[in-house]
There are 2 protein chains.
Amino acid sequence: MGIAERKTREKQVLRERILDASRRIVMREGFAALSMRKIADAIEYSPATLYLHFENRDEIARALCMEGYAQLLESLKPHLSIADPAERLKAIWRAYVAFGVEHPQTYRLVFMEDPTYVGAAFESAAQDGDDAGEAAFRLVADALDEMKAQGRLPASADSNVWTEALWATMHGIVALRLTCPVFPRTPLDTVVDAALDAWLGDCSAHTGKAATPPRKRVTRAAPPAKKAKPSSSS
Amino acid sequence: MGIAERKTREKQVLRERILDASRRIVMREGFAALSMRKIADAIEYSPATLYLHFENRDEIARALCMEGYAQLLESLKPHLSIADPAERLKAIWRAYVAFGVEHPQTYRLVFMEDPTYVGAAFESAAQDGDDAGEAAFRLVADALDEMKAQGRLPASADSNVWTEALWATMHGIVALRLTCPVFPRTPLDTVVDAALDAWLGDCSAHTGKAATPPRKRVTRAAPPAKKAKPSSSS
DNA sequence: GTCTATAATTTGATAGAC
DNA sequence: GTCTATCAAATTATAGAC
């Protein structure tokens, strides 16, 4: 069956070229500027050909979302193996935000455009039954549970609630950068670190080495802690 | 000059009708569905007439943004006079989130569509020289400074950074509701409260009456605090 | 599989009559 | 001030030749 396989392989190649061109357009001009004609021009095929590989523009968009989400996951992967749960979470979320600001149009397409797109991205990367969204959610929730078990988070903290809130915080940081660059803004890293501190705060318990200084809010008296925080934007 | 005044008044009336119709379309179908023709049909005028009152579609969008932002500010106003800075901030941000989820298309138009729109909204409501964005920012930053002065926030907390981070957090909560309704989600109020607690946390110092129980994260040992948190979504 | 050609819409915006 | 009529340009999507 070599002939049939070559044909499907060639078909696959063109599919990839279509997605490549689409990705370039989206990254350069944003999703709103993505049209079938523009894609066709870019790959030097007729618009009609696109419909042999994708049902419509929406299917191309969904494919791009799956790609983009996979790319995001890939950028998080190096940090998943960090032993300490707090450091793991901080590294993951820093990478998450970095991805968002470095690939604004991709991030926007996946998370800020159509509610169905992120759903498509999640369902696509299904592993062991449940989708990639669930898996990512668990990843964070489990780390929070670890911290709770170590007494580094309040026992009253619901890890599901905190996961959602933590995600919302980081998403908000990215989203504001993308659509509301209005204020004389704080460097990105400074805001991210402040947020991570607020949520994961003083995580030096059980680590012994007091790596993260307890830059924690006070309960009774004002602490003598004084820490300037210069930081570089992305 | 009664005649001229009547004419400008009548002109103003039509301008309002255009904006009314536009607002309805945006609220019902979203900003993407707002077209000059649709507006003209709604008010039973010809499309050409619209151009006598607005230069183009973008100017209508900006006008809607100014309206929407003013509406948001209005919904925050009742809480600005709360004496306690922590309670004030919490009330303000709860109202902010509530506005966002109750007016999704308006919120989306102002904060999630075009970067220039939110700028227009801010500059429009200029008071005493600086724009409404600056004013709102100060509002939050000042409250944070109050809390800091009372020793209820760490002295190391930069109120400008925290303001931006706090805004990002609340914006993220709203934005995720609008564009990523994917998970079996936590009730809105629960997430908002968790976030407010994480940022403003145990604020019972100096209030005497211990109104807010110290649902704070631990530093050394696990606290006996146990608090179930049932809450209603909006 | 790929193309040409085109249908069918929808869009923002304007010229000129009244 | 308002309308009719229309332009010029996009868009998605398809029919049918090759």
Side-chain angles (χ1 to χ4, degrees), chain A residues 1-26 28-65 109 113-114 116-117 120, chain B residues 1-26 28-65 109 113-114 116-117 120:
Chain A
M1 300 288 197
I3 294 173
E5 281 162 3
R6 174 181 55 83
K7 294 218 169 172
T8 55
R9 204 165 51 236
E10 281 170 357
K11 183 156 187 171
Q12 195 61 26
V13 166
L14 186 48
R15 189 190 152 93
E16 279 311 313
R17 285 191 59 196
I18 293 171
L19 287 180
D20 279 354
S22 303
R23 199 183 318 111
R24 268 196 305 277
I25 294 169
V26 168
R28 216 176 49 238
E29 309 173 55
F31 174 60
L34 183 71
S35 76
M36 300 302 264
R37 277 183 138 75
K38 225 178 265 184
I39 300 169
D41 283 352
I43 62 174
E44 298 178 303
Y45 273 72
S46 90
T49 302
L50 302 183
Y51 291 92
L52 300 173
H53 295 80
F54 293 92
E55 198 185 338
N56 52 30
R57 178 173 172 270
D58 228 54
E59 197 189 320
I60 296 179
R62 276 195 300 272
L64 287 181
C65 285
L109 175 61
E113 209 70 48
D114 189 314
T116 70
Y117 288 172
Chain B
M1 301 285 202
I3 293 173
E5 280 162 2
R6 174 180 57 86
K7 293 216 169 173
T8 55
R9 204 164 51 234
E10 280 170 358
K11 183 157 187 168
Q12 194 62 26
V13 166
L14 186 48
R15 190 190 151 91
E16 279 311 314
R17 285 191 58 195
I18 292 172
L19 288 180
D20 279 354
S22 303
R23 200 182 318 112
R24 268 197 304 277
I25 293 169
V26 168
R28 215 176 49 237
E29 311 172 54
F31 174 60
L34 183 71
S35 77
M36 301 300 267
R37 280 182 136 76
K38 225 179 265 185
I39 301 169
D41 284 352
I43 63 172
E44 297 178 302
Y45 273 72
S46 92
T49 303
L50 301 182
Y51 291 92
L52 300 173
H53 296 82
F54 294 92
E55 198 184 338
N56 52 29
R57 177 173 173 272
D58 228 54
E59 197 189 319
I60 296 179
R62 275 195 300 272
L64 287 181
C65 285
L109 175 61
E113 209 71 48
D114 189 315
T116 68
Y117 288 172

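Proteins get letters first, then strands, A, B, ... in listed order; numbering begins at 1 in each.
Atom pair B:D41:CG and C:dT10:P shows a separation of 11 Å (rounding to whole Å applied). The CZ-C1' distance, from A:R15 to C:dG1, rounds to 16 Å in whole Å. Remark: P of C:dG1 and OH of A:Y45 are 11 Å apart, rounded to the nearest angstrom. If you measure from atom CG of B:L52 to atom C1' of D:dT4, you get 14 Å, rounded to the nearest angstrom. Summarising the geometry, the separation between CD on B:E44 and C1' on D:dC3 is reported as 15 Å, rounded to the nearest angstrom. Atom NZ of A:K7 is separated from atom P of C:dG1 by 6 Å (rounded to the nearest Å). In this structure, B:H53 atom NE2 and D:dG1 atom C1' are separated by 8 Å, rounded to whole Å. Here the C1' atom of nucleotide C:dG1 and the CZ atom of A:F54 are 16 Å apart, to the nearest Å.
Within the 4.0 angstrom heavy-atom criterion, only backbone atoms of the sugar-phosphate kind lie near A:K11; the bases stay farther away.
Applying the ring-ring contact (aromatic ring centres under 6.0 Å, His included) test to A:F31 and every residue at least two apart in sequence or in another chain returns A:Y117. The salt bridge (charged side-chain N to carboxylate O under 4.0 Å, His left out) search around B:K11 returns none, not counting sequence neighbours.
For residues 29-43 of chain A, the side-chain hydrogen bond (donor to acceptor under 3.5 Å, both in side chains) pairs, not counting sequence neighbours, are A:E29-A:K38. Residue pairs satisfying the ring-ring contact (aromatic ring centres under 6.0 Å, His included) criterion with at least one member in residues 44-63 of chain B, sequence neighbours excluded, are absent.
A:E16 has its side chain out of reach of A:V13: every pair of non-hydrogen atoms, C-beta onward, lies at least 4.5 Å apart. Residues B:L14 and B:T49 are in side-chain contact: their nearest non-hydrogen atoms beyond the backbone lie under 4.5 Å apart.
Near DNA chain C, meaning a heavy atom under 4.0 Å from it, residues 16-26 of chain B has no residue at all.
Each of A:I43, A:I60, A:L50 was checked for a side chain to side chain contact (heavy atoms under 4.5 Å, CB included) with A:S22, and the lone residue meeting it is A:I60. Residue B:D20 is tested with B:R24, B:R17, B:R23 for a side-chain hydrogen bond (donor to acceptor under 3.5 Å, both in side chains); the sole match is B:R23.
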Give every pair of a protein N or O atom and an N or O atom of nucleotides 12-15 of chain D that lie under 3.5 Å apart, one pair per line with the distance.
unit_1 : atom_1 : unit_2 : atom_2 : d
D:dT12 : OP1    : A:M36  : N      : 3.4
D:dT12 : OP2    : A:M36  : N      : 3.2
D:dT12 : O4     : A:R37  : NH1    : 3.2
D:dA13 : OP2    : A:Y51  : OH     : 3.3

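The pair A:E10-A:R6 meets the salt-bridge criterion, with a side-chain N (NZ, NE, NH1 or NH2) lying under 4.0 Å from an Asp/Glu carboxylate O.
Nearest to the side-chain atoms of A:S46 among the listed nucleotides D:dC3, C:dG1, C:dC3 stands C:dC3.
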